[in-house]
Structures are given as structure tokens and as C-alpha cells.
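Some notes on the structure that comes next.
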Amino acid sequence: MSTDEAQDKGTTVLRFPQSRVLPSGHAEPTRYLGLGAMAKAIGAPEHQTTGHWCSRCRGIWYGYLLEVTCPACGNRHG
């Protein structure tokens, strides 16, 4: 059913937000926050680390295995 057909029947089509929708503040560049303490300690290659988002710093940091602490601010909640 097209949007025109839906409007003819007295209904409206609501668009569902997709994952490709840009977050607020998208004009700001993403900050690179570095490597987590464990990744640094064992010298893990960057391709073996996992990216994590820090909502406090508004940036991405990389950790090894299950690291959860942002290296920049100590935030543990993402």
C-alpha cells in the first residue's frame, strides 16, 4: 500500500526510526579516547580490541576482552 492509498483511507503512515538515523550532535567529530588499561598492559594489537562508547566523554575507546572502564574518565556505564 502506498502512502497515497493510505491517506485515501483516512490513515497516516508513521515512519519508524532506523539505526541509520544520525544521533543528536552528529556534526561534532567522534573523539578517540585511546586504549583501556588491560589492552595497554598486555600490548594487545588494535584489531583484537573491542570498541566501546563513553557517553560522558562522547567518544570511542578500545579495550581487551571484557574491559568496561573508560580510560579517559573512568566511566563504567557506556
Side-chain angles (χ1 to χ4, degrees):
M1 177 183 312
S2 71
T3 306
D4 293 334
E5 291 172 1
Q7 288 176 351
D8 290 342
K9 293 183 179 183
T11 60
T12 58
V13 176
L14 300 176
R15 296 195 182 276
F16 187 78
Q18 303 297 319
S19 61
R20 293 181 183 164
V21 173
L22 295 173
S24 62
H26 68 275
E28 301 171 17
T30 302
R31 294 177 56 203
Y32 172 71
L33 304 173
L35 293 172
M38 185 184 299
K40 284 182 188 175
I42 64 172
E46 194 166 318
H47 70 274
Q48 290 182 354
T49 58
T50 304
H52 301 275
W53 174 256
C54 178
S55 57
R56 189 180 296 163
C57 296
R58 302 198 54 78
I60 298 173
W61 61 276
Y62 295 88
Y64 191 69
L65 294 176
L66 300 175
E67 279 190 90
V68 296
T69 305
C70 173
C73 71
N75 185 17
R76 296 177 58 103
H77 296 101

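Given the structure is predicted, the values throughout are model-derived calculations rather than measurements.
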Which atom pair, heavy atoms only, marks the closest approach of N75 to C54?
ND2-SG, 3.7 Å
Aromatic ring pairing W61/H52, orientation class (parallel under 30°, perpendicular over 60°, tilted between):
parallel
Kindly state each residue pair satisfying side chain to side chain donor-acceptor pair (under 3.5 Å) with at least one member in residues 40-49, sequence neighbours excluded.
none
In a table with atom names and distances, give each donor-acceptor pair under 3.5 Å that connects a side chain of residues 63-74 to protein atoms at least two apart or in another chain.
from	atom 1	to	atom 2	distance (Å)
E67	OE1	A37	N	3.0
E67	OE1	M38	N	3.0
E67	OE2	A39	N	3.2
E67	OE2	Y64	N	2.7
T69	OG1	R76	NH1	3.1

Indicate if Y32 and W53 have the same hydrophobic cluster label, given that clusters are the connected sets of ILVMFWY residues with side-chain heavy-atom separations under 4.5 angstrom.
yes
Checking the side chain of R31 only, and the main-chain atoms of I60 only, is there a donor and an acceptor separated by less than 3.5 Å?
no
